[in-house]
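Data first, discussion second: the structure below is written as structure tokens.
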Number of protein chains: 2
Amino acid sequence: MEAKEILKAHVARFASLTDEQFEYFFSFFKRQGFKKGQVIISEGDAVNCEYFVISGCLKSFYVNDNLKMFILQFAMPTWWASDYNALYNDTKATISVDCITDTEVLSLTNDHRERLCAELHEAEHFFRWRTNRGYVAAQKRLLSFMNSNVKCRYEELLRLYPELYNIVPKNLIAAYLGVSRETLSRLYQA
Amino acid sequence: MEAKEILKAHVARFASLTDEQFEYFFSFFKRQGFKKGQVIISEGDAVNCEYFVISGCLKSFYVNDNLKMFILQFAMPTWWASDYNALYNDTKATISVDCITDTEVLSLTNDHRERLCAELHEAEHFFRWRTNRGYVAAQKRLLSFMNSNVKCRYEELLRLYPELYNIVPKNLIAAYLGVSRETLSRLYQA
DNA sequence: GTCCAATAGTGATCCAGGTCACACAACTAC
DNA sequence: GTAGTTGTGTGACCTGGATCACTATTGGAC
């Protein structure tokens, strides 16, 4: 499926745009390709864009003072990724984004999104619902952190996103679950 | 300050409504008062409303199978609370909301919010930004869970919301931080 | 006033998961 | 080919926080 079609189907889940409106909506996006390992947003950067994944897989992550990495999100096709704190508040990135595999995205600048939202009520409706769902998902993840042990969280992750198992190395899965790779490796020992 | 003024000042942070528009916006809200300990949303309920706090303090929380409670959020004046998963997806509540102190709120039904958003573009803009900020806050909390130990998280909480220290009992603070009350109590021991 | 429930502090013990160290594939790069 | 880099498993040991048990305090409700 073509990038435009993928975005169109995604937008249609939350908003009703006419074909003409969608053409306008789509005109603000820019298609970009990145290689495995390529860094899209690096800590300290100015952040202008958010990214809608067409194919491949991104990760957004934070690295603390001890160089330990924590993964906020894996972004598979039809997911969005950026440092939203930096993007919304026009500050330097504290979250980085890079490519786990070769990845195609549609990028949208902050200014373009706001212009779209201002000009097209239905676009604002779409972005409201996109974030609503992200907010609910973040709360669920927070609860699973407080409530569940590693094994439960790992099994839940694989249940929800089985495709990750084949694409994402175990050390990154561990960084997403917030445990050491050794602990993850030992889960199904003997 | 009157409830209407508090909401008006809050909305003005993210959206520009004329006085007339705000009157219309406000007409969808219903003022309600609750007593300390009173339950507003209980697990298993149908959820119709979200609540904007005027005075007092609410908590939203999840109770697991072992009857252990985890607090998702304290809601102080100008904060919003509900079971957003249930509210947005029209499912039964898994999150409960009750009153830590006597509390006044302005309640808004899901239908009324959607009607407001559909009829008034600027209302949709407001609710988009409100959730954007909630999403960013939820991600920050997730990172502090993965990255920081209890002591750091506790000190960060008190730094950001010092008023909680006097209003909220320690066992509830512990349930927010995701640790036992004993561990919280021992943080500043000898 | 007297009770009872809610809130807090603290000792003793246990365990999930962290840290360090080493082994060994598998995969580039040259 | 050979060498360096990634990803993965596993043993040994350590530690932060949980759990259980008991003791004060405080503050309504009556």
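Naming: A, B, ... by sequence-line order, numbering from 1 per chain. Computed from a predicted model, the values in this text were never measured in an experiment.
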**Message:** Are B:Phe25 and B:Phe29 an aromatic pair, judged by ring center distance below 6.0 Å?
**Reply:** yes
**Message:** Whole angstroms only, please: what is the CG-C1' distance between B:Asn66 and D:dT19?
**Reply:** 12 Å
**Message:** So B:Leu106 and B:Val53, do their side chains get closer than 4.5 Å, heavy atoms only?
**Reply:** no
**Request:** Find the distance A:Leu187:CG to C:dG17:P and express it as a whole number of Å.
**Result:** 8 Å
**Message:** Which nucleotide wins on minimum distance to the side chain of B:Arg186, given the candidates C:dC20, D:dG7, C:dT10?
**Reply:** C:dT10
**Asked** Less than 6.0 Å separating the ring centroids of B:Trp79 and B:Tyr161?
**Response** yes
**Fill in**
Comparing B:Lys151 with A:Leu172, nearest DNA chain D nucleotide closer to 5' gives the residue A:Leu172
**Request:** Can you pull out how bent the helix from C:dG1-D:dC30 to C:dC30-D:dG1 is, comparing the axes over its first five and last five pairs, to 10°?
**Result:** 50°
**Prompt:** Can you name the residues that form a ring-ring contact (aromatic ring centres under 6.0 Å, His included) with B:Tyr88, not counting sequence neighbours?
**Reply:** A:Trp129, B:Tyr84
**Asked** Heavy atoms under 4.0 Å, any strand shown: does B:Lys68 hit a base, just sugar-phosphate, or nothing?
**Response** sugar-phosphate
**Prompt:** Is the A:His10 to A:Phe52 ring centre distance short of 6.0 Å?
**Reply:** yes
**Asked** With under 30° as parallel and over 60° as perpendicular, where do the rings of B:Tyr154 and B:Tyr188 fit, or are they tilted in between?
**Response** tilted
**Message:** I want to check one thing: is the phosphate of D:dG7, taken as OP1 and OP2, less than 4.0 Å away from some side-chain N or O of A:Asn171?
**Reply:** yes
**Message:** From CG of B:Leu177 over to P of D:dA18, roughly how many Å is that when rounded to an integer?
**Reply:** 10 Å
**Request:** Is it possible for you to check whether B:Arg128 lies under 6.0 Å from the centre of the six-membered ring of A:Phe126, through NZ or CZ, and within 45° of that ring's axis?
**Result:** no
**Request:** Between D:dT8, C:dA8, D:dC20, spot the one nearest the side chain of B:Pro169, thanks.
**Result:** C:dA8
**Asked** Rounded to the nearest Å, what distance is computed from the CG atom of residue B:Asn166 to the P atom of nucleotide D:dT26?
**Response** 17 Å
**Message:** Whole angstroms only, please: what is the OH-C1' distance between B:Tyr188 and D:dG16?
**Reply:** 15 Å
**Fill in**
In whole angstroms, the gap separating C1' of C:dG18 from CG of B:Asn147 amounts to 15 Å
**Asked** Which part of the nucleic acid, if any, lies within reach of A:Gly37 when heavy atoms closer than 4.0 Å are counted: base, sugar-phosphate only, or nothing?
**Response** nothing
**Asked** OP1 or OP2 of D:dG9 sitting under 4.0 Å from any side-chain N/O of A:Ser185?
**Response** yes
**Request:** Give the rounded distance in Å between these two atoms: CG of A:Leu67 and P of C:dT19.
**Result:** 13 Å
**Request:** Starting at atom NZ of B:Lys36, determine the distance to atom C1' of C:dA5, rounded to an integer number of angstrom.
**Result:** 12 Å
**Request:** For the side chain of A:Lys170, starting at C-beta, report the closest nucleotide among C:dA8, C:dG17, D:dT8.
**Result:** D:dT8
**Prompt:** Think A:Ser180 has a side-chain N or O under 4.0 angstrom from the OP1 or OP2 of C:dT19?
**Reply:** no
**Message:** Given D:dA21, D:dA18, C:dG17, identify the nucleotide with an atom nearest to the side chain of B:Arg181.
**Reply:** D:dA21
**Message:** Test question: given the 4.5 Å side-chain rule for I, L, V, M, F, W and Y, name all other residues clustered with B:Met146, or answer none.
**Reply:** A:Tyr62, A:Phe70, A:Leu72, A:Ile95, A:Leu142, A:Leu143, A:Phe145, A:Met146, B:Tyr62, B:Phe70, B:Leu72, B:Ile95, B:Leu142, B:Leu143, B:Phe145
**Request:** Output the single nucleotide from C:dG9, D:dA18, C:dA21 whose closest atom is nearest the side chain of A:Glu182.
**Result:** C:dA21
